[in-house]
Amino acid sequence: MTVVTRFAPSPTGYLHIGGARTALFNWLFARHHQGKFLLRIEDTDRERSTEDAVRAILEGLRWLELDWDGEPVFQFARAARHAQVARDLLAEGKAYHCYCSPAELTEMRERARAEGRSPRYDGRWRERDPKDAPPGIKPVIRFKAPQTGETIVEDLVQGRVAVANAELDDMVLLRADGTPTYMLSVVVDDHDMDVTHAIRGDDHLTNAFRQTQLFLACGWQPPRYAHIPLIHGADGAKLSKRHGAVALDAYATMGLLPEAMRNYLLRLGWSHGDDEIISTALAIDWFGLEAVGRSPARFDMEKLLSLNAHYIKDAAPERLIPPVVARLEASLGRALSPTERARLDAVLPGLRPRARSLIELADGALFLFRARPLPLDAAASKLMSDDARRLLGALKAKLAVLPAWDAAALEACVRLHVEGAGIKLGAVAQPLRAALTGSTVSPGIFDVMVALGRDEVLGRIGDLAGP
RNA sequence: GUCCCCUUCGUCUAAAGGUUAGGACACCACUCUUUCAAGGUGGAGAUACGGGUUCAAUUCCCGUAGGGGACGCCA
């Protein structure tokens, strides 16, 4: 049997970390088993579903490079089929009309809560004669759920979980306006789409019981369920807008690489011994539900950034350059010239191990493109003593006539210069760094000089050097 | 409130009855060094608590505490 998984987000909000991990696990599981990974947009809530959210979800998945098989299924488009199943159940006596008004239900729940009972529908229309139906009220269709015994879910992550059927009430399958509810749609779609494994957040665990009952009533085989623990914010609370559960594209904007995000998300709740850095190819090879943990995890930006730093060091330059150029041009407010882009290429190796994100990478490169005279930051200007200026002035003259302009020649020249002056390399390297970058922090100074080129170097030194 | 789930360093996790309880991030120190990183080396740091079962419990069972989730004509 081919494995079929699905990611079934509802487009009522944006794709966040938790949803992204659910998608990743479904995708990995399907790819591992050479099965199918389907995408289903659960848009049966017409009030809250938006096209923007659909777009954001698709873009998020594309950014993460999680490709789905076939076309996305829009659940609402299948409403007629869902409604038909509800009517079939009604005809078979497995469901019934309920004429309770929303106000009546609210009152029922409030009273139950006040009396310390579970707030459930009491089944008052379950056995009532349809002739009692109040006139002019459109009924909903409720599922006639078993009231005794228990329902068991053999969860691939949580293990065997049982709940007494008395704990579950008769859920609404078809709303008064004839539209299907989530519970019905999920069951029908999972069946029609031949979903074999439903991997989703732990918050759906109780739904699995109701869905199992519905599957059985329809005479269908439920999929295998796998409820993965939720991801919490850094403070241990449920992820929400306030806790960094921002849309996935915010992480792209922050300069995260999708492979870093995948690796990070993978290790949240899943492990393979002591392995930490796991390529996507290995992840597909190794992934299995048996290694998914059962306790919730906290989101840790530091670890994500550290993984990102690793992948930045690893990434091919052609992957890094375009996003960095885009960020640079945005902050510069102008396009980079070919000469400037060559400078960027030249310092990239030096910049890479110093950046944890593409933003830091771009920020680190900014000094290359600043107009002269360069503004110095506080630490840099503190370095510019009269001695330092004189040293730079003398060095400038030697650099101007240096036959070769490569890192080795530059280093030799500068070292000779400091030896002559009887000082340490740092005494000139730091002022030089300040003059060339405006800062006390940069890649190796000789690499910076090569990238900048002789004219720019002499110019920048000249702006600050003493007589 | 009811039901369900969870609990190993600050965080993510390994150890599927016998380990000096391992790794990673963060932290500290040292090292390398033209700065800052990166790299290298080392350090500090955990089995929530209480009972069992067992020759032996992080591991199995029960309870307590704490945390989370669900309880919609939302998904």
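All chains are named by letter (A, B, ...) in the order of the sequence lines, taking the proteins before the strands, and each is independently numbered beginning at 1.
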For [N], which nucleotide is its Watson-Crick or G-U wobble mate, given both distances must be under 3.5 Å?
| N | result |
| --- | --- |
| rC25(B) | rG10(B) |
| rU2(B) | rA70(B) |
| rA56(B) | none |

Inset, instruction - Taking only the side-chain heavy atoms of S271(A) (C-beta and beyond), determine which of rA75(B), rC12(B), rA14(B) contains the nearest atom. - result: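 Nearest nucleotide to the side chain: rA14(B).
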
For a quick check of understanding: with a heavy-atom distance under 4.0 Å over all strands, which category does [X] fall into, base, sugar-phosphate or nothing?
| X | value |
| --- | --- |
| P296(A) | sugar-phosphate |
| R298(A) | sugar-phosphate |
| D275(A) | nothing |
| P443(A) | base |
| S439(A) | nothing |
| R40(A) | nothing |
| L105(A) | base |

Inset, instruction - Please say whether the positively charged group of R142(A), taken as NZ for Lys or CZ for Arg, lies over the ring of Y121(A), i.e. under 6.0 angstrom from the six-membered ring centre and within 45 degrees of the axis. - result: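 Yes, R142(A) and Y121(A) form such a contact.
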
Legend entry - Cation-aromatic face contact R46(A)/F76(A), 6.0 Å, 45 degrees: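 Yes, a cation-pi geometry.
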
Legend entry - Test item: R21(A) side-chain N/O and H16(A) main-chain N/O as donor-acceptor pair under 3.5 Å: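 Answer holds: no.
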
Inset, instruction - State whether the side chain of R267(A) and the backbone N or O of I278(A) hold a donor-acceptor pair below 3.5 Å, judged by distance alone. - result: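 Checked: no pair found.
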
I need the [atom1]-[atom2] distance between [X] and [N], as an integer number of Å.
| X | N | atom1 | atom2 | answer |
| --- | --- | --- | --- | --- |
| E47(A) | rA75(B) | CD | C1' | 14 Å |
| R120(A) | rC3(B) | CZ | P | 9 Å |
| E104(A) | rG72(B) | CD | P | 15 Å |
| R267(A) | rC12(B) | CZ | P | 11 Å |
| H97(A) | rC73(B) | NE2 | C1' | 14 Å |
| L265(A) | rC12(B) | CG | P | 14 Å |
| Q211(A) | rC4(B) | CD | C1' | 15 Å |
| D274(A) | rA15(B) | CG | P | 9 Å |

Legend entry - Side-chain H-bond candidate by donor/acceptor type, Q430(A) with R433(A), under 3.5 Å: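 The answer is yes; a qualifying pair exists.
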
Examine [N]: is either OP1 or OP2 under 4.0 Å from a nitrogen or oxygen in the side chain of [X]? Give yes or no.
| X | N | result |
| --- | --- | --- |
| R294(A) | rC6(B) | yes |
| S185(A) | rA75(B) | no |
| T206(A) | rC71(B) | no |

Legend entry - Within the 6.0 Å centroid threshold, strictly below: F37(A) and F29(A):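 No, too far apart.
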
Inset, instruction - Would you mind telling me which residue lines up with the more 5' stretch of RNA chain B, V140(A) or D447(A), judged by nearest nucleotide? - result: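 The residue closer to the strand's 5' end, by nearest nucleotide, is D447(A).
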
